Amino acid sequence: MIGRFLHQTWRLLRWLFAALALLLCGLIAVAWWVNRHDDPPLPEITAAMRFAPPTPEAMDNNAYFTLLGLDAPPSEDAAATGQRRFAADMRAYAHYRQTGEIKPLPDDDVPASPPGMSPLRCPAEADDCYAHYLAHAPAIKDKLTEQATLIARYLSLREKPVYEEIIPPYIAQQLPPYGTAVVASELIDMRAALLLKEQRLDEALAMMEVNADIHRRLALGSRTLVGAMIALAMDLRQQRMLASALHHLPALADRHAQRLEALVKSSAPVPLTAVLEGDRKMVLAYMEDAISGKMVTLNTDAGQFEEEENPVTEWLRERWFNLLYLPNATCNSYYLSWQEPIHLSRLPPDQLAAAKAAPTPKPDEAASPGDFPFFPLRNYNGNILLSIAKPDITDFIERAHDIEGYHRLVRLQIAARREHIPFAQMPAWLAAQPPELRNPYTLQPMDWDATTQSLQFAGRQPQSQNPEPRNIYRLRLGTATD
């Protein structure tokens, strides 16, 4: 009896195993069928993957290489250091192209940490950066002397005819020492605050004008979101200092209203279209090795980092991944996924919400030899990677528009000071302002808080330089003696 039961059980298990094996074979066959042909790469992607290093003359004329060496020792030339670092990046890139190995750069080609700024830096919780800087005047003067070389290098960014980021298509390339540039910009803001306190108004305004010009050059020449967002943050910090200085020096708007208005407008945020196109191109260039099937390894002086894995398991995992991964289709989808945010970056902020809410047009999905009714299996792993890798670019577009809103608040502050608008008349005065001085998203008048005598604007994204709630921009209009 027991033997018969075991025999029947064994027969049942054999049928079950056979059914599972057939199911697995059928799944593998379907997966192979729908993924047997990759898509041809889009011509735009082929063009994006081309990278031609700049000529020596182009590097000499590009202030980007000065920024790349901004943190070099005082005895070195910043531009020469930047070019040396770029050359080291290119050698590492060539090695990577030949071997698939990522080699760390030598220590002297790695940017140093930026100088410490605590407690001189104006925190987000402080609504009066001008007063904050004056309270730390002795320490600021010492820091200005200590960082005189850095400040001179930063100011020299205006001397070259061009500023444009050159990003090699190498996943381990060194980014410029943006943090050091932020420190230099802040020190200029602090120096301007001290000059305003000493009533050296022309010198202070000239210094802020130079800084605003550098911020705009960095923003216009950025080809990465990192560079563009840092340029905007540097500019916002200067606008905060200027707004708080007007709180203490209301006569400044009477005497220099036109110059102040031009100063604020000169560094207004620029569209992020070129930045988004640069970021897309950079990532697509990184993905070139996925198309060629190149394997990437990390080689360090301490040895290679390797994860222990059974060779058979690793082989099966790689085969299954490659079965459901189409490199060209993944790159094409990634390229097309940027079309909408790039389009949104060209729109004025008051049209952004409607454009985001509109249905997203689908790219042409004409039938290809690899199509099959079980569509989710086609490039399944590539689609998973895309869902993980693609950020919400519209957040960055709104961050730039938010800072434009703060620029408008500062311009309103200057105009209200110049025209001596009573606080009781502020709502009516704001309602009479032209569209370029209204809420950039709604074109409604900016908000007025009579309790705190403040202009307010609700941005769409959190801003690290604002206290909670981070998306609210406030600007006190009352004087320090009110």
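In this chain, numbering begins with 1 at the start of the sequence shown. These numbers were taken from a predicted model, which means no experiment stands behind them.
Partners of F86 according to the ring-ring contact (aromatic ring centres under 6.0 Å, His included) rule, which considers only residues two or more places apart in sequence or in another chain, are F65. Residues passing the side-chain contact (heavy atoms from CB on, under 4.5 Å) test with P462, sequence neighbours excluded: R470. In this view, R280 satisfies the salt bridge (Lys or Arg N to Asp or Glu O under 4.0 Å) rule with no residue, not counting sequence neighbours. Residues satisfying the salt bridge (Lys or Arg N to Asp or Glu O under 4.0 Å) test with R91, not counting sequence neighbours, are none. Every residue two or more places apart in sequence or in another chain that forms a ring-ring contact (aromatic ring centres under 6.0 Å, His included) with H132 is listed here: H136. Annotation: ring-ring contact (aromatic ring centres under 6.0 Å, His included) contacts of Y473 (sequence neighbours excluded): Y406, F457. Residues passing the salt bridge (Lys or Arg N to Asp or Glu O under 4.0 Å) test with R408, sequence neighbours excluded: E404. Evaluation of the salt bridge (Lys or Arg N to Asp or Glu O under 4.0 Å) rule for E57 yields no partner, not counting sequence neighbours. When the side-chain hydrogen bond (donor to acceptor under 3.5 Å, both in side chains) test is applied to Q456, no partner is found at least two apart in sequence or on another chain.
For the side chain to side chain contact (heavy atoms under 4.5 Å, CB included) with P440, the lone residue among E398, M446, H407 that qualifies is M446.
Evaluation of the side chain to side chain donor-acceptor pair (under 3.5 Å) test over residues 201-213, restricted to residues two or more places apart or in two chains, returns Y154-N211, R158-D213, S185-N211, D189-N211, R200-E203, D202-R259, E209-R259, N211-H215, N211-Q238. A salt bridge (charged side-chain N to carboxylate O under 4.0 Å, His left out) check over residues 59-83, counting only residues at least two apart or in different chains, returns the pairs D71-R85, E76-R84. Within the structure, the side chain to side chain donor-acceptor pair (under 3.5 Å) test picks out the following pairs touching residues 216-231 (sequence neighbours left out): E165-T224.
Counting only heavy atoms from C-beta outward, the side chains of N379 and T330 approach each other to under 4.5 Å.
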